[in-house]
Amino acid sequence: MHSFVDSPNGIFPSVCSLDCPDQCGLLLHKKNGKIIKVEGDLNHPVTKGFICNKVRNMTERLNDEKRLKYPMKRIGTKGEGEFIRISWKEAIRTITTRWKELLQSDGAESILPYSFYGNMGNLSAEGMDRRFFNRLGASQLDRSICNSAGAVGYKYTMGGSYGTDPEDTIHTKLFIFWGINAVSTNMHQVALAQQARKQNGAKIIVIDVHKNKTARLADWFIPILPGTDSALALGLMHILFAENMVDSSFLEKYTVGHEELSEHVVQYDPVTVSGITGIPVEDIVQLARMYGKTSPAFIRIGNGPQHHDNGGMFVRTISCLPALTGQWLVKGGGAIKGNSAYLAHHTANLQRPDLLKNKKTRMINMNLLGEALMNLDPPVKSLYVYGTNPAVVAPAGNKVRRGLKREDLFTVVHDLFLTETARYADIVLPATSSFENTDFYTSYWHYYVQAARQIRFTNVQEIVEMESILKDYIHEAIEVEKAGLKVDLKKHTEFIVPEELQNKFDEIPNLKTAFEALTPGRQRAYILYFSKPKQSKTRESRVENICRKF
């Protein structure tokens with residue numbers, strides 16, 4: 001297979017790695033080894049070349065000068081962000097030494113991995129990391145900060161994360177966006193709704209607590225009091241049953257408990273529900289009749305309402321509506337909360353939970369990180385953070401930051417940038433971006449699996465590669481300098497880049513970045529190599545080959 005990395009110029013397919021249901025297909029434009037442009041892939045069957053501005057401007061983040069290039073260790077007070085550069089060897093030795101000590105003194109559960117979906121690649125986000133920490137026996141992390149309640153609620157009704165194929169919604173005649181600002185968070189579903197609007201005269205209804213961008217494009221916006229969505233869903237069921245707008249044959253064949261449900265919703269009459277939700281009685285009745293009499297009808301269930309008390313029950317309740325009207329059998333009908341189960345891979349084979357010997361290893365809820373760092377007994381003694389920034393995103397932020405300041409807490413942060421959390425770390429490791437990894441991606445909205453191959457070296461990889469290739473030359477330059485010039489490298493902290501090397505910087509992409517990340521001693525050695533007379537044509541050609549590599 002041809003390597004994208006080895007091609008300095010071209011347009012290469014890739015995937016958006018952000019935590020978004022759309023998971024767009026991308027095309028990356030590469031010039032002289034550098035990614036200079038990101039655009040949508042017109043050949044993707046769902047996203048069709050249309051991407052958000054955040055991703056369109058991803059090159060700014062990818063090529064940002066503030067990206068971490070080498071490991072660092074803390075020299076100041078936690079939180080101040082004072083670090084010095086160290087080698088990978090020292091960083092790994094420091095981490096492994098501390099962890100071996102903790103394994104002996106406090107046990108493996110004193111170590112806590114803390115991550116989320118800064119990168120949605122299955123290998124990067126929830127693959128090899130799980131294997132490692134399972135084998136280590138570290139405390140387990142309950143990654144529940146986003147949509148766990150809603151996912152469980154939906155599973156109670158549907159059995160798993162299965163919903164309508166979004167491509168089928170071009171046939172839909174009634175869209176209900178419930179608790180989701182889809183214009184900003186699922187824009188291709190909005191595009192499909194707009195297409196159905198033009199083709200079928202489809203109507204768009206938005207139910208939300210405020211008039212967001214999606215509500216402004218809707219045919220009808222229904223404001224609702226926060227946390228009362230379940231009552232509205234039950235009120236709609238009341239009317240559907242009372243006015244015989246349910247599909248009895250579907251209920252008999254495919255559901256369990258509809259008789260009990262019909263009795264339960266009797267108490268949720270329009271007047272009662274109006275008093276709970278703040279929605280006028282006539283609007284509740286009209287909404288129920290529109291939903292009961294329009295087919296195909298589709299509900300896009302958002303994450304917003306499930307962040308309230310009883311949020312899981314809200315999702316469980318609303319996902320009953322398509323069953324009452326038989327919309328699951330109608331193309332373009334039904335609902336989507338998430339579709340990840342369609343593309344589920346063999347996670348056990350990837351994550352290897354069998355490597356965790358102690359099946360009673362404690363589980364720590366990521367929402368309670370502050371409590372865990374401050375009060376858990378036995379205490380967390382080491383934290384390894386990747387793919388998230390808990391100092392600013394975890395609940396109870398003040399408590400989290402107090403916990404991160406603990407002097408007895410050994411913290412490692414693996415990230416692209418010196419984040420707020422990284423400022424509290426003892427060791428900081430530079431990370432690769434998704435365009436610098438090979439991974440596979442599974443959307444939790446559309447039905448397509450996508451592969452992303454490594455497109456370019458990272459600064460980190462350039463440094464490692466360069467140091468490896470130049471090892472012999474640096475050693476030779478030092479020996480020549482010591483024997484002939486009698487110069488003490490340690491005394492020279494400033495030097496001038498010779499013209500020949502400067503020309504190489506101008507000619508070869510990324511060479512200067514990699515060179516600047518070398519230690520000062522190695523920079524001096526390499527400069528001396530270019531500065532001294534060439535010994536032979538063979539040496540000169542070897543240097544040319546090295547430069548062409550970069």
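Counting begins at 1 with the first residue of the sequence.
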Around atom [atom1] of [X], are there more than 12 heavy atoms from other residues, nucleotides or ligands closer than 6.0 Å?
| X | atom1 | result |
| --- | --- | --- |
| R362 | CZ | yes |
| E282 | CD | yes |
| Y447 | OH | yes |
| K359 | NZ | yes |

Pairwise side-chain contact, [X] with [Y], heavy-atom cut-off 4.5 Å (strictly under):
| X | Y | result |
| --- | --- | --- |
| L429 | V412 | yes |
| T214 | I180 | no |
| V38 | R56 | no |
| Y254 | L329 | yes |
| Q327 | F298 | no |
| M158 | W328 | yes |
| E436 | L62 | yes |
| L287 | D283 | no |

Discussion item. Suppose we screen for salt bridge (Lys or Arg N to Asp or Glu O under 4.0 Å). Which residues come up paired with R289, at least two apart in sequence or across chains?
Written reply: E243
Between [atom1] on residue [X] and [atom2] on residue [Y], distance to nearest 0.5 Å:
| X | Y | atom1 | atom2 | result |
| --- | --- | --- | --- | --- |
| L369 | L376 | CG | CG | 10.5 Å |
| I222 | Q286 | CD1 | CD | 8.0 Å |
| F440 | M120 | CZ | CE | 11.5 Å |
| N122 | T347 | CG | OG1 | 9.5 Å |
| N200 | T172 | CG | OG1 | 8.0 Å |
| T185 | R300 | OG1 | CZ | 7.0 Å |

Is the backbone of [Y] close enough, under 3.5 Å, to the side chain of [X] for a donor and an acceptor to pair up by distance?
| X | Y | result |
| --- | --- | --- |
| D219 | I204 | yes |
| R401 | A391 | yes |
| N339 | G163 | yes |
| T228 | L225 | yes |
| R130 | A125 | yes |
| T438 | Q454 | yes |
| T164 | A335 | yes |
| N244 | L240 | no |
| S443 | P21 | yes |

Under 3.5 Å, side-chain donor or acceptor atoms of residues 306-316 against the rest of the protein: list the pairs with distances, not counting sequence neighbours.
{"from": "Q306", "atom 1": "OE1", "to": "G150", "atom 2": "N", "distance (Å)": "2.5"}
{"from": "Q306", "atom 1": "NE2", "to": "C146", "atom 2": "O", "distance (Å)": "2.9"}
{"from": "H307", "atom 1": "NE2", "to": "C146", "atom 2": "O", "distance (Å)": "2.8"}

What pair of heavy atoms forms the shortest contact from [X] to [Y], and how long is it?
| X | Y | result |
| --- | --- | --- |
| P305 | D229 | CB-OD1, 3.6 Å |
| I364 | A372 | CG2-CB, 3.8 Å |
| V15 | Q450 | CG2-CB, 3.5 Å |
| P296 | G332 | CB-C, 3.5 Å |
| P390 | V400 | O-CG1, 3.7 Å |
| T59 | I36 | CG2-C, 3.6 Å |

Is a side-chain donor-acceptor pair under 3.5 Å present for [Y] with [X]?
| X | Y | value |
| --- | --- | --- |
| E259 | S262 | no |
| Q195 | Q199 | yes |
| N134 | R131 | no |
| D439 | S434 | no |
| Y117 | E126 | yes |

Discussion item. For F4, does the six-membered ring have the charged nitrogen or CZ of K30 within the cation-pi criterion, i.e. under 6.0 angstrom from the centroid and within 45° of the normal?
Written reply: no
Worksheet entry | Sole candidate of Y162, W445, Y444 that passes ring-ring contact (aromatic ring centres under 6.0 Å, His included) when paired with Y342 | Y162
Practice prompt. Classify the angle between the aromatic ring planes of F177 and F175 as parallel (below 30°), tilted (30 to 60°) or perpendicular (above 60°).
Written response: parallel
Worksheet item: Quick one: which of H188, H446, H44, Q189 gives a side-chain contact (heavy atoms from CB on, under 4.5 Å) with D22?
Response: H188
